[in-house]
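Report on the structure given below.
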Amino acid sequence: MNSTPRTEAKNDAAAEASAEAEGKNETKDVKATKAVEDVKEAKEAKEAKATEDVAGASDSSGEETAAAVADADDDDDDFLDLDEEPARPVSAAAGAGAIVSAGLALSALTGTWTSRVLSERETLVGQLTLSKTSDSATQIEGLYGNGWHMTALVNGGFALLALLVGAGVLLALRSSSSSASSALTAAAPRPVWMRAVAWGGVVLAILGLLVSAGMYFDLFAAMPAAPAAPVS
């Protein structure tokens, strides 16, 4: 009769120990499950943050790319405007004027058909106004001097016209370059040959004026004179 209560007490203690062990195991399982869930949540939070960072970087790079494309379009428009600048009528007129100035100045130095015709006409007029009683100085002036001076006047007129055209071309190029540089930060440069040809025409025109003035005032050669008549 004494062994039965002891056995029951042992069974109760074993049951309690097993229940306590099961409770501890359940507590450990709950803690482990919670830890696993915490790790999963942390991992998901990191992945979400990384995704947001990538999306933000993509948006910012897209905005920067759009801004760069817009700036490139503006630069292309500016370059197109600069390329169209030399095609204006001012440039064409300046180039034509420079060529005309150089041609007129060269004609002033070498002589023209107009100066020759007017010289011959002046010589003919001098012959018609002479008489048999005219002295030798008057005859030389009518047959030679008048035509010589008319050639100098015509050549001087061509040189003066060339000088005016060349100076006008240089002034037009200078004013157009200054106005373009004030409107744009980097204006398209005018072709160099325009200025070169215009300056060449101006220099040749000045030389032509000097030569014509020397011819008209007999600075290079005096008017021919008849020899003195022998004394009888």
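Linking ILVMFWY residues whenever their side-chain heavy atoms come closer than 4.5 Å, directly or via other members, leaves Leu106 and Val100 in distinct clusters. Leu109 and Met150 end up in different hydrophobic clusters when Ile, Leu, Val, Met, Phe, Trp and Tyr side chains are linked at under 4.5 Å.
From Leu124, atom CG reaches atom CG of Asn146 across 11.5 Å, with rounding to the nearest 0.5 Å. Separating the CG atom in Leu160 from the CG atom in Leu153 is a distance of 12.0 Å, to the nearest 0.5 Å. With rounding to the nearest 0.5 Å, the separation of CD in Glu122 from OG in Ser115 is 13.0 Å. Separating the CG atom in Leu210 from the CE atom in Met215 is a distance of 13.0 Å, to the nearest 0.5 Å. For the atom pair CD of Gln139 and OG1 of Thr129, the computed distance is 10.5 Å after rounding to the nearest 0.5 Å. Atom OG of Ser175 is separated from atom CG of Leu170 by 10.5 Å, given to the nearest 0.5 angstrom.
Closest approach of Trp148 and Ser119 over heavy atoms only: N-OG, 4.4 Å. Contact detail for Phe220 and Val211: the closest heavy-atom pair is CE1-O, 3.4 Å. Looking at every heavy atom in both residues, Val197 comes nearest to Ala102 through CG1-CB, 4.0 Å. Taking every heavy atom of both residues into account, Ala205 and Ala159 meet most closely at CB-O, 3.3 Å. Closest of all the heavy-atom pairs between Ala162 and Ala105 is CB-N, 3.4 Å. Among all heavy-atom pairs drawn from Gly95 and Trp193, the shortest one is CA-CH2, 3.6 Å.
Counting only heavy atoms from C-beta outward, the side chains of Met223 and Ile140 approach each other to under 4.5 Å. Between Leu173 and Met194, some side-chain heavy-atom pair lies under the 4.5 Å cut-off. Put simply, the side chain of Leu143 reaches to within 4.5 Å of the side chain of Leu130, judged on heavy atoms.
Within a 6.0 Å radius of CZ in Phe217, other residues, nucleotides and ligands contribute 12 heavy atoms or fewer.
When Val203, Leu209, Leu204 are each tested for a side chain to side chain contact (heavy atoms under 4.5 Å, CB included) with Leu163, only one passes: Leu209.
Within the hydrophobic cluster formed by Ile, Leu, Val, Met, Phe, Trp and Tyr side chains joined at under 4.5 Å, directly or through other members, Trp113 is accompanied by Val117.
Checking side-chain atoms of Ser101 against main-chain N and O of Gly97 turns up no donor-acceptor pair under 3.5 Å.
Legend: side chain to side chain donor-acceptor pair (under 3.5 Å) pairs involving residues 216-228, not counting sequence neighbours, sorted by first then second residue: His149-Asp218. Note on residues 152-162: no pairs pass side chain to side chain donor-acceptor pair (under 3.5 Å), not counting sequence neighbours.
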